[in-house]
Amino acid sequence: MNATALQAALETHKVPTRVQTALEVRQVAEPYIRRRAIRHLEKGRVVIFGGGTGNPFFTTDTAAALRAAEIDAEVVLKATNVDGIYDEDPMKNDSATLCKALSYRQVAMQRLN
């Protein structure tokens with residue numbers, strides 16, 4: 001939904017866009033195909049990648065970095081409401097603590113997902 005909302009916002013400003021996703025939702029987006037994405041960019045279109053990688057256990061941030069690498073992007077833009085990983089939801093708990101450094105084991109053991 002975020003990808004299609006961004007597409008709608010850009011298109012109100014006459015910016016040609018395409019949404020591609022690893023998930024099957026042909027009614028609103030094209031399937032992700034690297035060559036097609038590059039071709040859209042060559043034609044001056046903005047390509048918005050949505051829906052993550054289509055694989056479990058990978059964040060949408062991982063998908064953004066992966067797609068950027070695949071198309072040789074010069075920049076990745078990320079918008080978020082928090083400034084890192086917390087031990088609890090900072091929007092629901094004012095005493096949530098920002099974790100300065102974490103290992104994968106700590107994330108799993110503390111269930112920081």
Side-chain angles (χ1 to χ4, degrees):
M1 294 301 296
N2 291 340
T4 55
L6 179 57
Q7 179 183 38
L10 289 170
E11 288 184 348
T12 63
H13 295 283
K14 307 287 189 245
V15 177
T17 63
R18 294 294 185 274
V19 173
Q20 289 193 347
T21 177
L23 303 173
E24 186 74 24
V25 283
R26 290 186 188 267
Q27 296 86 344
V28 295
E30 298 177 6
Y32 171 70
I33 299 170
R34 180 182 171 275
R35 286 183 176 182
R36 184 179 290 174
I38 291 169
R39 185 71 180 128
H40 286 317
L41 292 168
E42 290 171 347
K43 289 183 175 183
R45 299 175 183 135
V46 171
V47 180
I48 303 164
F49 301 114
T53 64
N55 299 300
F57 311 116
F58 288 91
T59 67
T60 53
D61 294 347
T62 302
L66 174 64
R67 299 296 181 238
E70 289 174 337
I71 66 165
D72 295 323
E74 294 178 10
V75 65
V76 175
L77 304 177
K78 181 182 183 302
T80 185
N81 292 327
V82 295
D83 56 355
I85 298 174
Y86 288 79
D87 62 346
E88 296 183 57
D89 186 341
M91 302 299 181
K92 296 179 181 175
N93 185 349
D94 291 335
S95 64
T97 304
L98 177 65
C99 302
K100 300 271 184 205
L102 288 169
S103 68
Y104 178 79
R105 181 177 175 82
Q106 288 171 305
V107 171
M109 296 298 288
Q110 295 176 34
R111 298 178 184 242
L112 300 174
N113 49 4

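These numbers come from a predicted model, not from an experiment. These numbers come from the heavy atoms of this one structure, side chains and all, not from hydrogens, waters or symmetry mates.
Taken together through direct or relayed side-chain contacts under 4.5 Å among Ile, Leu, Val, Met, Phe, Trp and Tyr, Val46 and Leu77 form parts of separate hydrophobic clusters.
Atom CG of Leu10 and atom OG1 of Thr17 lie 6.0 Å apart (nearest 0.5 Å). How far CD of Gln110 is from CD of Glu88: 10.5 Å, rounded to the nearest 0.5 Å.
For Ile71, the side chain to side chain contact (heavy atoms under 4.5 Å, CB included) criterion is met by Tyr32, Ala37, Ile38, Leu41, Phe49, Ala73, not counting sequence neighbours.
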Acceptor/donor pairs from residues 56-65 side chains to any protein atom, 3.5 angstrom cut, sequence neighbours excluded:
| residue | atom | partner | partner atom | Å |
| --- | --- | --- | --- | --- |
| Thr59 | OG1 | Asp61 | N | 3.3 |
| Thr59 | OG1 | Thr62 | N | 3.0 |
| Thr59 | OG1 | Thr62 | OG1 | 3.0 |

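Across all their heavy atoms, Ala29 and Thr21 have their closest contact at CB-CG2, 3.7 Å. Across Gly54 and Ala22, no two heavy atoms sit closer than the pair N-CB, 3.8 Å. Summarising the geometry of Asp89 relative to Met91, their closest heavy-atom pair is OD1-N, 2.8 Å, with the distance given to 0.1 Å. In this structure, Val19 and Val28 approach most closely via the heavy-atom pair CB-O, 4.3 Å.
Between Arg18 and Arg36 the shortest side-chain heavy-atom distance does not fall below 4.5 Å. Inter-residue side-chain proximity for Leu98 and Asp83 is flagged as met; some heavy-atom pair is nearer than 4.5 Å. When side chains are defined from C-beta on, Arg67 does not count as touching Gln20, because their heavy atoms never get closer than 4.5 Å.
Atom CG of Asp94 has 12 or fewer neighbouring heavy atoms from other residues, nucleotides or ligands inside a 6.0 Å radius. Shown here is Asn2, whose CG atom has no more than 12 heavy atoms of other residues, nucleotides or ligands within 6.0 Å.
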